[in-house]
Every structure is written in C-alpha cells, then in structure tokens.
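These figures come from a predicted structure and were not determined experimentally.
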2 protein chains.
Amino acid sequence: MTKSNTSRSTLHQTILADLERKIVSGEWPPGHKLPFEVELARSYEVSRMTVNKVMTQLTKAGLIERRKRSGTFVAKPRGQSAILEITDVEAEVRALNLPYSYKLMSSVIRKANRHDAALLEVPGTTDILEIRALHMAHGEPFCLEERLINLGTVPEAAHAPFADGPAGAWLVQRVPWSAAEHKIFAITATADIARLLEIAARVACLLIQRRTWSTAGPVTFVRFTYPGEKHAIVASFTPAAG
Amino acid sequence: MTKSNTSRSTLHQTILADLERKIVSGEWPPGHKLPFEVELARSYEVSRMTVNKVMTQLTKAGLIERRKRSGTFVAKPRGQSAILEITDVEAEVRALNLPYSYKLMSSVIRKANRHDAALLEVPGTTDILEIRALHMAHGEPFCLEERLINLGTVPEAAHAPFADGPAGAWLVQRVPWSAAEHKIFAITATADIARLLEIAARVACLLIQRRTWSTAGPVTFVRFTYPGEKHAIVASFTPAAG
DNA sequence: GAAGAAAACATGTATATACATATTAATGCC
DNA sequence: GGCATTAATATGTATATACATGTTTTCTTC
C-alpha cells in the first residue's frame with residue numbers, strides 16, 4: 001500500500017484500538033481465534049509488520065495469546081490487569097472457592113450534588129445513578145460497594161438490571177474504559193458501615209476508590225469497603241524489560 | 001549487518017536491558033542525553049529500527065523522554081512507576097513539601113528463622129539483615145519500615161551505611177529488581193506500632209508489603225506501616241491503547 | 001498402520017529503505 | 001539587529017524483504 005494517511009491518528013493506533021474494542025466488548029470472547037497476521041494486514045490494507053507490532057503490544061498487555069503455526073487467540077480473563085482485577089469482587093470471592101451472591105440495597109437517580117460533582121468531575125446539573133450494594137461470600141458480607149454512575153456518559157445505565165448482578169460487570173461490557181485511577185485507604189469502620197458489614201464499630205477496613213473514564217468522559221466512581229484485616233490487594237510487576 | 005545471533009536472548013532484549021541498567025543504576029542520571037539512534041545502532045551493530053523499537057518501549061515505560069531534533073534524555077524521576085513510587089517514602093514526604101528525615105532504629109545480621117525464610121523465600125541457613133527504621137516528616141513519624149534483606153543475594157548490604165539513609169534507595173541503586181510483588185492491608189495498630197508511630201493503639205493503619213527479586217534471587221522483603229486514615233495509595237492506568 | 005523425515009505454515013526478529021513530522025539552526029532580506 | 005524563510009536534523013511511522021523458530025501436517029518407508 002502507498003502511504004496516504006489522511007486521519008490524525010496512526011494506523012498502529014487505529015488497529016490497536018479496533019482489536020482492543022472487539023476483545024474487551026466481548027465481540028471476540030476468550031478463546032476466539034483471531035485472523036492471521038496476513039489476513040488482518042490485507043483487511044486493514046497495511047503491511048504484516050504493522051499488524052505484528054500491534055499484536056506484540058496486545059500480547060504484552062495480556063489480551064491475546066499467540067502460538068506459532070496455530071495462530072492467535074483471545075486470552076482467558078486471568079485478570080484483565082492486576083489492578084482492574086482488584087475490583088472484580090465476584091471473581092475474588094469465587095477464587096476463594098466460596099459461593100457468591102449480590103444484594104442491591106439502594107439505587108437512586110438524582111442530580112449530582114456538590115459532593116458527587118467533585119468525585120466524578122462532572123457539572124452539578126448532570127444526572128447520576130447512585131448504587132449501594134453488598135457482595136456476599138457464603139451468605140456473609142464480603143464487601144460493601146458504593147457507586148456513582150455518570151448518566152451523562154452512560155444514559156442506558158438508568159434502565160440496567162442492577163438488581164441482578166454487580167454494576168461493574170455490566171459497565172465493563174458496555175463502556176470500555178480508557179483510563180482508571182485507584183486510591184487505597186485504611187479506614188476505621190463507621191457505625192453505618194460496621195452494621196452493613198456485620199462487624200464491630202471502629203474495626204480497620206480496607207477502602208478502595210476507583211474512578212474510570214471513557215473517551216466520552218467520566219464513567220463511574222466506586223468505593224469498595226472490605227472489612228477487617230484479612231483482605232489484601234496484590235499487585236505484581238516486572239519492569240520494562242519484560 | 002548480517003544475521004548471526006549466537007546468544008539465546010534477542011538483540012532487542014539485550015539492548016533494552018543494557019539501557020535500562022544504565023538508567024536505573026544512575027550511570028545515566030535524569031536529564032542525561034542519550035546517544036542518537038544512529039550512534040546506538042552503530043555501537044550495538046544493529047539497524048536503527050531495532051534501536052528505535054527499544055527506545056519506543058523505554059518511552060512507554062517512562063524511563064526516557066524524546067524530542068524530535070533535540071534527542072533523547074533520561075526522564076526525571078516522576079515516579080519510576082506508579083507502584084515503585086509507593087515505597088519511595090522520602091519522595092512521598094518531599095512531595096508534600098515537608099522536611100524529611102530518617103531514623104534507623106535497629107539493624108541486625110542473623111540466620112533466617114522459619115518466619116523470615118517463608119517471607120523471603122530463602123532456605124533457613126541464609127544470612128539476613130533485619131532493619132527497623134522510621135521515616136519522619138517535619139520531625140514526626142510518617143511511616144514505619146521493617147525490612148529483611150537477603151545477604152545471600154546482596155552480601156555487600158552487610159556493610160552498607162544504612163544509618164545515613166533509607167535502605168530502599170541504597171538497594172535500588174545497586175540491585176536492579178526484575179520482579180516485585182505488593183500486598184496492601186488495613187490493620188489495627190498494635191501497642192508496639194502505636195508507640196513508635198506516636199498514635200493511639202487500635203487506630204487503623206495502611207500496611208504495604210513489598211517483595212522484590214533480582215535475576216540472582218530474592219532481594220528484600222519490606223513492610224511499610226502508615227498511621228491513620230490520611231494516607232492513600234494512588235495508581236493510574238490506561239489500557240494497552242496508550 | 002506406526003515411526004520418522006520432510007514440507008508447510010504462522011509467528012518472531014531483524015534489516016534496509018522511505019517518507020512524515022517536529023524542532024532547531026542557518027540564511028537572506030530589509 | 002529583527003524577522004521570515006529555508007535547510008538541516010532526530011525522531012516517528014510504515015513498508016517490503018529475509019530468514020529464524022517452533023508447530024502441525026503430510027509424506028515416506030518399513
């Protein structure tokens with residue numbers, strides 16, 4: 001192909017974003033076989049080298065797995081990333097081999113107040129959905145979730161079936177995030193939290209705050225409160241050399 | 001150059017590891033100007049493309065900054081990585097614009113007991129160095145550090161001047177880590193910890209455990225205890241598309 | 001038909017080349 | 001000297017090509 005790229009983003013970025021979308025949206029589920037490099041090169045009208053570089057990056061990001069002679073496959077979700085994983089409470093519970101259940105406690109649509117506006121970085125006029133829910137392991141409280149969803153960015157969330165399962169799982173299917181920020185705190189349980197989590201007041205809890213943005217704007221702000229000293233966040237890293 | 005790579009690792013990996021070592025070891029300090037791509041290509045006897053791919057990766061890892069026509073420079077340490085940063089207590093304190101000081105409380109060399117051996121993943125016969133120290137901000141306790149160093153991997157640590165400054169800074173200069181694991185807990189301060197950190201007993205604290213390995217084996221196990229609810233760990237991420 | 005050798009195949013790495021893009025340096029003009 | 005224009009330069013992206021490396025398939029041979 002001759003070179004004439006009229007758009008502003010590079011071919012590399014375009015192809016990477018396209019493949020990534022297909023994977024994280026579930027259009028290509030785990031185990032799905034991707035087209036061969038030469039086929040992708042033909043369909044995107046680029047050279048194999050360009051496709052290969054994109055694939056290499058996706059491999060390092062853990063989204064795909066490649067085997068010589070066999071081809072390329074969407075990776076099994078062994079944690080989309082070390083950090084994304086820490087807020088998939090259901091997977092966390094199941095990894096402990098405990099039965100998981102989910103209890104929606106409240107779900108309210110309202111205008112953002114000043115507090116919400118600050119947390120979500122939205123103007124005060126925005127509609128937001130506020131959710132409070134408990135993640136249960138073996139019938140006992142495992143984690144308290146308090147969530148704000150920006151209906152300006154995700155209007156369809158207003159009618160989502162959040163009574164059936166965690167909002168996080170619903171969101172990640174529909175709204176691919178392009179940035180996320182986590183803050184982790186140790187807090188002392190307030191009376192309110194202690195009652196919900198069925199622990200004594202003033203016990204130390206692990207608090208994880210997560211904010212995500214899509215290209216369309218802020219998506220959600222969520223606070224996970226884990227009771228007591230048993231819980232840990234684990235993150236493993238290797239430097240660039242990987 | 002004709003192709004004849006006798007070694008087992010690729011040129012890419014070799015060059016990446018070499019440049020990374022020069023940067024993290026401080027041989028090339030922040031702001032240092034790297035040779036041009038063509039010069040590196042000449043000195044490593046590879047093509048510019050190969051060097052360019054390495055440089056692209058180092059740029060994404062945040063180790064270098066590149067400007068067209070100007071060249072390539074070692075990046076200022078705006079946190080070597082979001083996670084490495086969380087255990088550079090001195091930088092953390094200075095970022096808050098507070099005067100930093102360091103107080104070594106104890107430093108003992110001994111054989112690893114069963115507990116140490118489990119934490120560091122070393123046999124019980126290994127010599128270890130155990131350090132206890134306080135990081136102070138504005139003269140007040142900011143963070144308690146409890147550290148085990150594997151003298152089997154880092155024998156020279158036995159004579160390092162750990163009274164002068166944090167062991168972490170000394171180690172990162174000498175022993176480039178190839179893998180790290182973090183665990184984060186909320187704990188309730190024991191009487192011992194409360195006394196050292198000058199807080200009330202049973203206050204919630206944030207506990208960060210960090211283990212690092214070099215290619216030669218386990219390097220260090222360290223526990224940072226931050227008092228109270230003021231402290232947060234912050235991590236920002238963007239998915240592969242970056 | 002089973003075992004082993006050879007071919008086919010998909011990815012992995014590296015090269016040489018070309019041109020785009022951003023920024024600095026040099027130049028010419030008044 | 002000041003200012004716009006042009007040239008030089010280093011990085012950024014993409015291509016076509018070549019060969020290496022593991023796997024899987026196919027083909028021999030017994």
Rounded to whole angstrom units, what separation is found between the [atom1] atom of [X] and the [atom2] atom of [N]?
X        : N       : atom1 : atom2 : answer
Asn52(B) : dA20(C) : CG    : P     : 17 Å
Lys53(B) : dG12(C) : NZ    : P     : 11 Å
Gln13(A) : dG12(D) : CD    : P     : 13 Å
Ile64(A) : dG12(C) : CD1   : C1'   : 13 Å
Leu40(B) : dT15(C) : CG    : P     : 13 Å
Gln57(A) : dG12(C) : CD    : C1'   : 16 Å
Phe36(A) : dC9(C)  : CZ    : P     : 10 Å
Arg42(A) : dA16(D) : CZ    : P     : 14 Å

Among [options], which nucleotide sits nearest the side chain of [X]?
X        : options                   : answer
Ser70(B) : dA18(C), dT23(C), dT11(C) : dT23(C)
Leu11(A) : dT11(D), dT15(C), dA14(D) : dA14(D)
Arg66(A) : dG12(C), dA16(D), dG12(D) : dG12(C)
Lys68(A) : dT11(C), dT13(D), dT17(D) : dT11(C)
Thr72(A) : dT11(D), dT15(D), dT11(C) : dT11(C)
Arg69(A) : dT24(C), dC9(C), dA10(D)  : dC9(C)

Exercise for review: Test side-chain contact (heavy atoms from CB on, under 4.5 Å) on Lys33(A) and Trp28(A) and set out the steps.
Suggested key: CA-CA 8 Å; Lys33(A) 187 173 190 298; Trp28(A) 286 350; over 6 Å; no

Exercise for review: Let me know, please, whether Met49(B) or Val38(B) comes out on the 5' side of the other along DNA chain D by nearest nucleotide.
Suggested key: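 Closest to the 5' end, via its nearest nucleotide, is Val38(B).
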
Exercise for review: Please assess Phe142(A) against Glu92(A) for the test side-chain contact (heavy atoms from CB on, under 4.5 Å), listing each intermediate value before the final yes or no.
Suggested key: CA-CA 10 Å; Phe142(A) 183 83; Glu92(A) 203 179 336; 4.0 Å; yes

Point to revise | Distance-only donor-acceptor test, Arg67(A) side-chain atoms vs dG12(C) base atoms, 3.5 Å | key: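 By the distance-only test, no, there is no pair.
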
Review point. Please walk me through it: do Ile128(A) and Leu151(A) pass side-chain contact (heavy atoms from CB on, under 4.5 Å)?
Key: CA-CA 5 Å; Ile128(A) 62 158; Leu151(A) 293 177; 5.6 Å; no

Point to revise | Identified side chain to side chain contact (heavy atoms under 4.5 Å, CB included) counterpart of Ile64(B) within the set Thr72(B), Leu19(B), Thr56(B) | key: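 Result for side chain to side chain contact (heavy atoms under 4.5 Å, CB included) with Ile64(B): Thr72(B).
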
Practice item. Check whether any side-chain nitrogen or oxygen of Thr50(B) sits under 4.0 Å from OP1 or OP2 of dT15(C), and answer yes or no. Key: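 Answer yes for this pair, as a side-chain N or O of Thr50(B) is under 4.0 Å from OP1 or OP2.
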
**Study point:** Electrostatic pair Glu39(A)-Arg48(A), nearest N-O below 4.0 angstrom
**Key:**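 Looking at Glu39(A) and Arg48(A), the cut-off is not met.
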
